[in-house]
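Each remark here refers to the structure printed beneath this line.
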Amino acid sequence: MEEILQKAKLWLSPTFDQETQNEIKELIASNADDLPDRFYKDAEFGTGGMRGIMGAGTNRINKYTLGKATQGLSNYLHKSYPNTELKVAIAYDCRHNSKEFATLVAEILSANKIKSYVFEDLRPTPELSFSVNHLNCHAGIVLTASHNPPEYNGYKVYWTDGGQIVPPQDKGIITEVNSLDYSDIKFDKNESLISYIGKEVDEAFWNASVKNGTFDVSGREDLKIVFTSLHGTSIKLIPEVLKRAGYTNVHVVEEQAEPNGDFPTVKSPNPEEPEALAMAMEYADKINADIVIGTDPDSDRLGIAIRDLNGKMKLLNGNQTMSVMTDFLIKQWKNQGKLNGNQFVGSTIVSTNLVNDIAASYGVETKVGLTGFKWIAKMIKDHPEQEFIGGGEESFGFMVGDFVRDKDAVTSTLLACEIAADAKSNNSSFYKELLNIYINNRFYKEHLVALVKKGMDGAEEIKQMLVDLRNTPLATIDGEKVTFVNDYKSSIRKNIITGEETTIDIPKSNVLIYETEKGTKVACRPSGTEPKIKFYISVQDDLTNIDSTDKVEQLLDERISRIKKQLGV
């Protein structure tokens with residue numbers, strides 16, 4: 001505790017403003033419970049940026065931790081682009097202090113002779129990614145904590161291609177940030193280097209979204225849509241995109257339309273959580289809507305609910321959504337005569353293998369990367385000789401085409417409506433299209449378990465769980481022999497039957513994935529943005545006809561329950 005106290009007292013120096021010093025004095029005087037958590041480590045500027053609880057302290061989001069990150073980025077930009085007039089785009093979401101933090105970041109950049117284009121009001125993250133290219137910027141920054149609780153905020157950095165930073169830029173920026181003291185931050189702004197943007201970029205983004213997200217389909221005016229922005233940024237763009245694409249029957253959940261960093265109508269503004277879409281689904285039943293779509297606060301994730309075979313609203317998971325979207329997109333490319341073996345789709349190591357099967361059935365390659373859309377954006381950058389169709393990940397993110405280089409709930413919402421409208425006009429439905437994919441491939445069922453482990457003790461517990469899984473690997477899963485263990489930390493894929501080891505040719509990450517003889521997959525990884533450890537379970541079976549859906553799904557659910565019990569989660 002003495003070490004924590006000494007670290008806290010350093011924040012009483014003149015480097016820090018009076019407000020910050022007063023907050024620290026009060027914490028020390030009251031022997032606050034959260035003092036250790038505020039100072040036991042530095043808020044890490046990780047390989048994409050940083051995210052955390054707001055407040056004073058080294059392990060918090062505040063003007064000094066963000067300031068150090070921005071100063072480090074400024075230094076790296078000058079080294080990367082010497083003798084260049086540097087430009088950075090900045091966006092922010094609906095969270096508390098996001099606007100103030102965006103202004104602070106622009107001021108620090110200006111003090112470092114870097115021009116900033118700051119959005120005049122909150123905007124979705126995908127529009128920030130788009131704006132980097134649209135405005136020919138060298139980097140982009142968005143102030144957001146995505147779907148984290150209200151007390152969080154964060155800072156994501158994008159590079160010149162519009163994608164989140166990846167090697168070597170991420171390590172280079174981290175090195176710069178870690179070399180700084182708080183006293184190195186330049187706060188003396190140059191107003192002439194700060195410009196504000198809005199409508200012109202909105203217009204360009206709307207046009208690009210409609211161009212990439214619409215296809216030759218009928219029945220747009222017949223599709224009844226319920227949309228909720230969950231108090232976030234998408235209200236700024238999605239209703240207009242749908243209108244421009246020809247959707248006239250759109251019903252917004254008004255109680256959740258007003259941007260609000262407290263997210264007052266939901267426990268969590270995360271469309272991965274069923275409760276987040278409860279109000280929208282209730283509204284959908286009241287007006288007999290065909291589809292419900294909800295987006296998270298910064299509008300990069302989307303959750304979808306559709307009518308099942310009995311006419312009841314059914315929530316899809318991210319794997320199901322990305323499977324239907326991938327199949328539809330490839331089919332559109334095929335119908336347009338654009339497939340020639342030079343295309344690919346993107347996925348991640350913890351997402352469903354159904355996407356790989358779908359793509360292969362059309363002769364299209366699936367490139368698989370680590371969790372996080374920055375790796376899908378990197379695929380596009382690394383393979384300019386190939387055409388990118390689309391890509392997704394299980395955590396409710398999808399990207400249509402390469403005009404945005406991050407998951408994009410704006411264009412993906414439009415794509416979902418195109419699929420639903422097309423299906424309805426052909427006496428089918430979004431859900432039936434999913435079931436047909438299962439029949440043509442296999443019925444994949446995925447389940448995610450996320451265990452929350454907060455604070456210092458929680459971080460240690462998560463670390464130990466991965467150590468235990470590595471030291472005592474599973475030999476069977478639900479009675480099925482484990483055939484492969486993929487350890488992304490050591491980059492080794494081991495065949496348990498033969499003992500043969502091969503190298504995994506993607507960057508190292510603290511992820512462990514088991515595969516069994518019958519295609520069951522269990523992955524385990526700590527979350528990069530929340531105090532959680534995640535277990536991803538995937539099982540599969542044949543589905544011969546639509547009438548067998550309930551029976552096969554029940555068998556798969558039972559297998560998942562047994563696996564959870566075996567894992568103790």
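Worth saying up front: this structure is predicted, and the values here are computed from it rather than measured.
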- For the pair Y438 and F443, name the ring-plane relationship: parallel under 30°, tilted 30 to 60°, perpendicular over 60°. parallel

| request: Hey, can you tell me if Y283 and H251 have their rings parallel, tilted or perpendicular (30° and 60° cut-offs)? | output: perpendicular

Is it the case that [X] and [Y] place a side-chain donor and acceptor less than 3.5 Å from each other?
X: T125; Y: D298; result: yes
X: Q256; Y: T228; result: yes
X: R525; Y: Y536; result: yes

So which atom in [X] and which in [Y] form the shortest heavy-atom distance, rounded to 0.1 Å?
X: K156; Y: Q164; result: CD-OE1, 3.7 Å
X: L474; Y: Y514; result: N-OH, 3.2 Å
X: N249; Y: L223; result: CB-O, 3.3 Å
X: I533; Y: M465; result: CD1-CB, 3.8 Å
X: R301; Y: A409; result: O-CB, 3.5 Å

Sorted by chain and number, sequence neighbours left out, side-chain hydrogen bond (donor to acceptor under 3.5 Å, both in side chains) with E553 holds for K445

Q: Kindly confirm or rule out a cation-pi arrangement of R493 over F484, judged by NZ or CZ under 6.0 Å from the six-membered ring centre and within 45° of its axis?
A: yes

[X] [atom1]: over 12 foreign heavy atoms closer than 6.0 Å:
X: N427; atom1: CG; result: no
X: K454; atom1: NZ; result: no
X: K494; atom1: NZ; result: no
X: D216; atom1: CG; result: no

The residue among K518, E558, R562, R559 that forms side chain to side chain contact (heavy atoms under 4.5 Å, CB included) with V539 is R559

